[in-house]
Each structure stands twice: as structure tokens, then as C-alpha cells.
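First up is the structure itself, then whatever we jot down about it.
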Amino acid sequence: MSGTYLGMPAFPPPPPPAFPEAARDAVHDQTLRGNLRHATHTIRAKRARAVAEVSDWAALREAGMRIKDHTLRHLDRYLVQLEESVTAAGGTVHWAVDADEANRIVAGLVKATGETEVVKVKSMATQEIGLNEALEAEGIRAYETDLAELIVQLGRDRPSHILVPAIHRNRGEIRDIFRQEMGEWGRPAPEGLTDTPAELAEAARLHLREKFLRAKVGVSGANFMVAETGTLVVVESEGNGRMCLTLPETLISVVGIEKILPTWQDLEVFLQTLPRSSTAERMNPYTSMWTGTTDEDGPRTFHLVLLDNGRTDTLADEVGRQALRCIRCSACLNVCPVYERAGGHAYGSVYPGPIGAILSPQLRGIASEIDASLPYASSLCGACYEVCPVAIDIPEVLVHLRERVVEGGRTTREGNKVVLRPAKGHAAERAAMRAARWAFTHPGALRTGQRLASRTRRFHPRTLPGPGRAWSGTRDLPPVPAEPFRDWWQRTHDGRDRGE
Amino acid sequence: MSSRERILGRVRRALADVRQDDTPYEQAIERSYVREHGERSAEQTVDLLAGNLADYRAIVHRCATDELAAMIAGLLAGRGAQTVLVPSGLDGDWLAAVDAERVPDRAESTPHELDRVDSVVTACAVAVAETGTIVLDGSPDQGRRRITLVPDHHICVVRIPDQVVSSVPQALERLDPARPLTWISGPSATSDIELDRVEGVHGPRTLEVVLVHGPG
Ligand code: SF4
């Protein structure tokens with residue numbers, strides 16, 4: 001095994017550059033920055049309204065956190081229960097230790113059907129393991145069917161946002177991609193296609209419909225799996241999920257082991273918090289729930305592939321394990337001043353933004369420059385924690401991981417306890433320092449500085465707990481004052497953007 | 001060692017800090033959130049459902065039971081539907097006035113055949129007022145999941161007030177997890193292009209909901 005692979009498109013993947021280098025390109029790309037800014041600000045405002053509609057939001061958030069924490073603390077028991085329920089309902093459960101194994105299992109299942117193409121509904125887990133590329137290598141073509149994923153796939157591009165993966169593309173770019181590429185993959189774009197969103201959506205509808213109608217194998221992830229009933233849940237907007245989940249004869253779902261909920265009733269919390277946090281809707285257009293197979297309705301064969309790929313290593317860290325509560329709503333991306341400036345690609349994995357900064361270095365370890373630098377890709381303003389529907393204290397985990405990068409210490413890799421050496425003086429440390437400087441010297445990254453509440457101040461590098469304190473006192477890291485970040489910036493830098 | 005044993009072993013070692021007598025599920029989850037938001041009469045709940053359905057671009061109609069056949073016939077004729085998919089257990093009276101050719105929901109129909117049908121008429125399992133959602137559970141009056149997916153026009157009949165609940169928690173209480181469930185809140189939509197909401201991508205582009213009252 002060669003470390004945990006988190007899905008980059010080229011195959012095999014080139015090592016991504018450290019965060020600050022990758023971010024620098026994004027900052028200089030005016031189109032990208034304009035697209036990102038528009039998108040994140042729009043959705044941020046909508047989300048705030050959708051959340052304000054619900055009087056008991058704080059209680060729902062608390063319950064969501066507790067359900068997830070409890071499940072993680074008893075994950076072995078719930079995994080076994082889920083396996084029993086899914087099997088009893090007619091499904092087959094597979095276990096995959098890492099990306100390679102998951103890809104082998106899925107490729108084998110597809111081959112057994114005799115098919116050479118599959119339709120896919122957007123899933124972070126299958127992106128994480130690089131499933132499309134692995135299937136391609138086995139002569140199987142995977143068609144992405146989510147509109148944004150289609151844009152990404154046709155543009156030979158990488159997703160840059162969890163929920164809106166083509167958020168970095170504007171309508172003109174999308175029209176050009178459709179005109180140039182659709183013919184290569186199937187039905188070409190209609191003559192005279194313009195860049196109005198309605199026409200672009202219609203072009204995608206026509207292009208994908210022929211694929212849905214003939215598909216024999218569907219591949220999905222899942223937002224939730226209910227241990228007591230064996231039910232899987234997919235939350236979506238476009239109906240491509242329903243197509244992939246109900247029209248094919250065989251359905252293969254690849255799901256991270258942390259997606260379990262103990263009971264059917266637990267869904268009542270997340271079906272309220274997820275849509276409002278992600279698309280800022282009271283409810284998303286379509287939610288599908290299925291339990292094994294149903295006679296004469298939907299796929300005759302259902303396979304569930306349970307994926308570890310670094311999750312048990314993350315679970316072993318008592319501070320870091322809270323990252324596994326994540327329900328991938330993407331609210332933390334939309335409020336993050338660093339994400340807004342740097343763009344999703346700078347994070348070097350399928351998980352961008354604040355959640356990516358704490359998840360990737362735990363799933364993959366911190367041996368590479370990108371992973372060592374990610375915990376520094378933040379100004380620790382705390383906005384991500386405030387919006388998180390499962391109350392993940394992202395700043396706390398960031399500081400914890402920074403300390404690990406610098407001080408080294410005990411951790412778990414591929415199930416084994418290992419002692420990391422401090423990054424001191426190594427390339428990883430230098431990359432981390434550059435990332436920190438980047439995050440701290442971009443005024444755009446400080447715009448939400450006034451949110452800086454006293455509760456997050458304790459997480460700033462200057463007050464790193466334990467041995468970190470000595471380190472942060474002697475290194476070239478801008479100190480974080482007690483006054484609001486933006487005021488500090490104005491006072492000390494005249495608001496100038498020094499850039500990097 | 002199988003991958004199953006390896007993963008379960010890793011999970012157990014990762015949780016070495018969790019004590020045997022860790023707080024059990026019932027006590028670990030505090031459910032201080034509400035079962036429904038606000039207090040409403042049955043009539044107000046139905047109004048809220050209608051408002052929220054319309055807000056997500058479903059077209060809402062109301063009628064009495066004895067007007068339903070004319071209502072459905074009118075909606076299908078208004079769209080010029082030549083063919084209509086019919087779940088096996090749909091109340092025959094509902095389609096009594098319909099001219100369009102009836103296509104039964106059959107296991108052997110191919111997706112391409114369904115794609116040539118203009119409309120589908122179904123009942124529902126439950127409707128959720130606070131979110132403007134209808135839920136289908138594959139019962140005989142709702143049919144297989146795909147018949148409400150492939151045709152471009154879906155007419156869904158909701159019996160008011162008894163099929164309407166206020167909230168998501170109340171809806172889950174009424175539903176059977178063993179059945180395949182589809183929660184529908186407005187016609188399919190995407191916001192993937194510059195976050196502009198566009199209705200109608202892959203599911204039915206037109207969703208009409210008929211709220212029917214009176215003796216069934
Ligand atoms: S960390 Fe929280 S806010 Fe961010 S994607 Fe996950 S659940 Fe959403």
C-alpha cells in the first residue's frame with residue numbers, strides 16, 4: 001500500500017503542490033475569483049435565511065453532533081448491525097480497506113455483469129478513491145450524471161467545491177465545454193447553444209437521457225446508512241440520482257464507514273439540517289431511500305462497498321475524529337475567507353475548504369508538502385465552526401494538526417501506531433510556514449475577521465497549547481492579536497494586499 | 001485476515017479510549033428539538049403545504065372528491081397528453097373522465113417505453129407541510145419508482161387533511177423503511193450554473209399536486 005489516495009484526476013496522480021503555491025495561481029485568476037466570490041456570497045446569504053426559518057436550529061445541531069459522536073464511539077457495533085440489515089434486505093456487503101481494494105471490488109462487480117459502462121451519481125467517496133480512472137484502466141467507462149460533475153468531466157477538470165463542483169466555471173465557459181466536448185461522449189450539444197442556464201441544463205438533459213435509459217449498472221455513494229433498518233439515503237436535486245438508483249439492473253454503492261446512523265428516527269435531524277446547510281432549501285427536490293432490493297421495483301442486485309481508506313486512522317485521534325461527523329454540506333466552504341481566495345483546487349484533494357484542511361491530512365497523513373501545509377490554510381476565524389450543522393470545531397482540529405506537523409508525535413497510519421518526527425527544518429515545515437503566511441497576509445482572507453470571537457482566539461498559533469507554545473514564539477509566524485483581526489490588519493498594514 | 005476483520009479490528013483499536021460503560025444510545029442523544037414548528041390547525045397545515053409546494057414551483061390545485069375525475073381529465077387535456085401511466089392500484093374513478101390512452105405500470109416495460117409516455121398520475125404516502133414535500137412509498141396506488149421519474153409530467157393526488165403532516169419527524173414516523181421511498185419537493189432543479197436555479201433537469205419538469213378533500 002502506498003498511502004491513502006484521495007482522488008486526483010490524472011492516473012497515476014502527480015503530487016499536488018503545497019497549498020500556498022496552488023493558491024497563488026487561483027488568486028491571480030480573475031475569472032476564477034469572480035466566479036467563486038459570487039457563488040459563495042450568494043449561497044451564504046441564502047443559507048442564513050434558510051437556517052433562521054427554523055426556531056430549534058441549535059437543538060438540531062446539538063442532536064446531530066451527539067448522534068454522530070455516539071455512532072463513531074460504537075462504530076464497530078453499528079457496522080456489524082448495518083451489514084446484517086443490508087444482507088437481510090437482499091443486499092451484498094463488501095469491505096474495502098483502501099482505495100485500491102474498493103476500486104478492485106467495483107471493477108470486478110461491473111465486469112461480472114458483462115457491461116462496459118456505468119452511470120454515476122455524484123459521490124465524494126468515489127471521487128476520493130479515483131474510481132472513474134480505475135474503471136477506465138479496466139476498460140469500463142463511467143459517466144458522471146450530475147450537471148456539475150458532467151461539466152467537470154467534459155472539461156477534463158477537477159471539482160472545486162463539494163456541492164457545486166463546477167463553481168469555478170461561468171456560463172460562457174460551460175457553453176464552450178458543451179459545444180466542444182459533448183460529441184466525444186455521446187449526443188452532441190444542440191446547434192446554436194447559448195449560455196443561458198436553462199438552455200445549458202436542457203442540453204445536459206438530452207445528452208444524459210440516452211445514457212440513463214440504456215444503463216445496466218449504476219454507481220452511487222450515500223449520504224446516510226441506517227444501521228437498524230439497512231436503509232441507504234441519497235439526497236439530490238436534479239433527478240440524476242433517482243435515474244442511477246432505479247433504472248439500472250445492478251446498483252453499487254461505495255460509502256465511507258462513518259456515514260452510519262443508528263436508527264431510522266435519527267434521519268429526522270439530518271433531513272432537516274442537511275438541505276438548509278447545503279443548498280439553503282427547506283428540502284432538496286429529491287431524496288431516495290432504499291433498503292436492499294425490492295421485487296420488481298429498481299435494481300435486482302444491490303452491492304454496498306464499505307470504505308475505510310484512512311477513516312479508522314482518523315478515528316484513532318481523539319481530537320481529530322470529530323472530522324468524521326461531517327455530512328458534506330459544504331457550508332464551511334461558503335463562509336471561508338481563505339477558500340474564497342484560494343479556490344477549491346489549492347487544497348489538493350477532493351475535499352476542499354475548511355473540512356478538507358482537517359480531513360485530508362488525517363486520511364492521508366502529513367508526510368507530503370500539501371498535507372503538512374493544509375492545517376495552515378486557515379486564518380482560524382471560526383466562521384466554519386459557527387455554520388457547521390454537526391458542530392465540528394474545525395479551528396481546534398487545525399491547531400491540533402499544526403502541532404503534530406511541527407512537534408511530531410504519536411499517530412496511526414494504516415492501522416499501525418507510529419511516531420512522527422517533527423517537520424522541523426524539512427520541506428514540509430517550510431511549506432506549512434508559507435501557507436500560514438499566505439493565510440495571514442491576505443486581507444481578503446481576513447474579511448470575516450470581525451467574527452473572531454474570544455472562543456476561537458485560544459486556538460491561534462500564538463497560544464498553541466503545550467510544547468507548541470515555545471515553537472510559535474520563536475518562529476516567523478505573524479502573531480494574532482486579541483483585537484478583531486480586521487482592525488489589526490488595518491492598523492498594521494494600512495489594508496494593503498501584500499500578496500505572496 | 002479478511003478486510004472485514006481488518007477494518008473492524010482497526011475500529012476497535014482506534015476506540016480504545018471508549019469505556020465499556022459508555023453512555024448508551026438512548027441517553028447519549030438529547031432530542032430537545034421540536035416535533036413540529038409552531039401550532040397550526042389542520043386547515044392551516046394544508047395551507048402551509050400548498051404555499052411551500054408552490055414556492056418550489058409545483059403547481060397546486062384543490063378540489064372535492066367528486067370533482068377529482070374532471071380535474072385530472074382537465075389537467076391531462078390541458079397538456080395535450082396522449083398517454084398516461086397508471087399504477088395498478090390507482091382508484092379507477094380518478095381517471096373516469098380521461099381521454100388519454102392508459103399505459104399500465106408493468107415490470108417488463110423498458111425505460112425507453114416509459115420515455116414515450118406523456119404523463120403519470122399517482123397517489124402519495126404522506127405530504128410534509130413545513131418543507132413542501134410529497135413522499136411516495138411504492139404502494140399499489142403509486143407504482144414503481146421509475147414511473148414518476150421518466151415521464152415529463154407528474155400529477156400527484158394528496159388526500160387532505162389526513163395525508164398531511166406538519167414536519168419531517170412526523171413524516172418519518174408514518175413511513176415504512178422497508179419500502180422504497182422517494183421524497184419530492186418541487187420539480188427537479190439544478191443550481192449548478194452560477195447558482196441560478198433552473199427547474200427541470202432529469203425528473204419530471206412539471207409537477208402538479210392535487211389536494212383533494214371530502215369523503216374518499
Ligand atoms: S465540516 Fe461541517 S460545515 Fe463543513 S462540510 Fe462538513 S458538515 Fe458541512
Side-chain angles (χ1 to χ4, degrees), chain A residues 39 42-43 55-56 59-60 62-63 66-67 70 73 75-76 95-97 101 147-148 164 166 170-171 174 197-198 200-201 205 213 229 231 237-240 242-243 246-247 262 264-265 267-268 271-272 279 282-291 294 296-298 308 312 315-316 318 415, chain B residues 2-4 6-15 17-18 22-23 25 28-34 37 52 56 107 111-112 115 128 130-133 138 144-146 149 168-169 172 177-196 198 200-203:
Chain A
T42 307
I43 198 156
S55 56
D56 57 344
L60 286 166
E62 173 85 16
R66 284 176 184 247
I67 292 167
H70 168 83
R73 290 171 73 81
L75 192 58
D76 50 338
W95 302 70
V97 167
E101 186 174 16
L147 177 51
V164 203
N170 64 32
R171 59 184 73 188
I174 295 169
L200 295 171
R205 176 182 169 99
L213 297 181
T229 60
T231 308
S237 296
E238 296 170 13
N240 60 310
R242 291 180 67 194
M243 292 276 182
T246 51
L247 294 186
W264 176 249
Q265 189 189 356
L267 285 173
E268 71 189 18
L271 290 182
Q272 294 192 78
T279 48
R282 285 181 207 110
M283 190 60 92
N284 49 289
Y286 296 134
T287 297
S288 296
M289 303 181 178
W290 74 98
T291 303
T294 306
E296 296 200 338
D297 183 356
D308 180 347
T312 50
L315 187 67
E318 289 175 40
Chain B
S2 71
S3 294
R4 179 183 187 277
R6 184 168 287 140
I7 291 171
L8 286 173
R10 285 182 182 184
V11 170
R12 286 175 188 134
R13 284 197 301 282
L15 295 171
D17 62 302
V18 177
D22 195 49
T23 320
Y25 173 81
I29 320 299
E30 197 182 323
R31 297 189 196 271
S32 53
Y33 52 88
V34 299
H37 296 88
N52 282 337
Y56 284 154
H112 285 98
D115 195 34
V128 192
E130 286 181 9
T131 57
T133 305
R144 294 176 176 81
R145 283 172 283 176
R146 59 188 196 164
L149 175 62
V168 170
L172 283 161
R179 306 194 70 91
L181 302 173
T182 307
W183 298 52
I184 300 172
S185 310
S188 84
T190 182
S191 301
D192 279 349
I193 302 164
E194 297 183 9
L195 293 172
D196 269 2
V198 178
V201 194
H202 304 299

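Sequence lines set the chain letters: A, B, ... in the order given, protein chains first and strands last, and positions in each chain run from 1.
- Taking the side chain as every heavy atom from C-beta outward, A/M283 and B/V168 approach each other to under 4.5 Å.
- The two residues A/E268 and B/P169 come nearest to each other via the heavy atoms OE1-CB, 3.4 Å.
- In terms of heavy-atom pairs under 4.5 Å with chain B, the best-connected choice from A/M289, A/E318, A/R66 is A/M289.
- Side-chain contact between A/L315 and B/V11 is present, with heavy atoms from C-beta onward closer than 4.5 Å.
- Both the backbone and the side chain of B/S32 come within less than 4.5 Å of a heavy atom in chain A.
- Using a 4.5 Å heavy-atom threshold, the side chains of B/L172 and A/Q265 count as separate.
- If you tally non-hydrogen atom pairs under 4.5 Å between each of A/T231, A/I67, A/I174 and chain B, the highest count goes to A/I67.
- By the 4.5 Å heavy-atom criterion applied to side chains, A/H70 and B/T23 are not counted as neighbours.
- With chain A as partner, the option from B/V128, B/D115, B/T133 having the largest number of non-hydrogen pairs under 4.5 angstrom is B/D115.
- Listed options A/A63, A/S237, A/S55 were ranked by heavy-atom pairs under 4.5 angstrom with chain B; first place goes to A/S237.
- The nearest pair of heavy atoms linking A/A198 to B/V198 is CA-CG1, 3.8 Å.
- For the atom pair B/R146 CZ and A/T246 OG1, the distance stands at 8.5 Å (nearest 0.5 Å).
- The closest side-chain heavy-atom distance from A/W95 to B/R6 is not below 4.5 Å.
- In terms of heavy-atom proximity, A/T312 sits nearest to B/I7 at CG2-O, 4.1 Å.
- Shown here are the side chain to side chain donor-acceptor pair (under 3.5 Å) partners of A/E101, two or more places apart in sequence or in another chain: B/S3.
- Partners of A/R242 under the side chain to side chain donor-acceptor pair (under 3.5 Å) rule, at least two apart in sequence or in another chain, are B/T148.
- For the set B/P111, B/S185, B/A107, B/G186, the entry with the most heavy-atom pairs within less than 4.5 Å of chain A is B/S185.
- Of all the listed residues (B/E30, B/H37, B/R12), the one sharing the greatest number of non-hydrogen pairs under 4.5 Å with chain A is B/H37.
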Intermediate values then yes/no, side chain to side chain contact (heavy atoms under 4.5 Å, CB included), B/R179 and A/T294
CA-CA 8 Å; B/R179 306 194 70 91; A/T294 306; over 6 Å; no

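- Of the atoms belonging to A/L60, heavy atoms from both backbone and side chain fall under 4.5 Å from chain B.
- Between A/E296 and B/R144 there is a salt bridge, since a side-chain N of the basic residue sits under 4.0 Å from a carboxylate O of the acidic one.
- Judged by distance alone, the side chain of A/T291 and the main-chain N or O of B/P177 form a donor-acceptor pair under 3.5 Å.
- Taking every heavy atom of both residues into account, A/D308 and B/R10 meet most closely at OD2-NH1, 3.5 Å.
- Counting only N and O atoms by type, the side chains of A/Q272 and B/Y33 include no donor and acceptor under 3.5 Å apart.
- No part of B/S2 comes within reach of chain A, as not one of its non-hydrogen atoms sits under 4.5 angstrom from that chain.
- Distance check, rounded to the nearest 0.5 Å: CG of A/D56 to CZ of B/R31 gives 13.0 Å.
- Using modelled atom types, one side-chain atom of A/R205 and one backbone atom of B/G203 make a donor-acceptor pair closer than 3.5 Å.
- Proximity to chain A is limited to the side chain of B/Y56, based on heavy atoms less than 4.5 angstrom apart.
- Nearest approach of A/P285 to B/P187, heavy atoms of both residues: CB-O, 3.9 Å.
- Contact count against chain B (heavy-atom pairs under 4.5 Å) is highest for A/P197 among A/P197, A/G239, A/P262.
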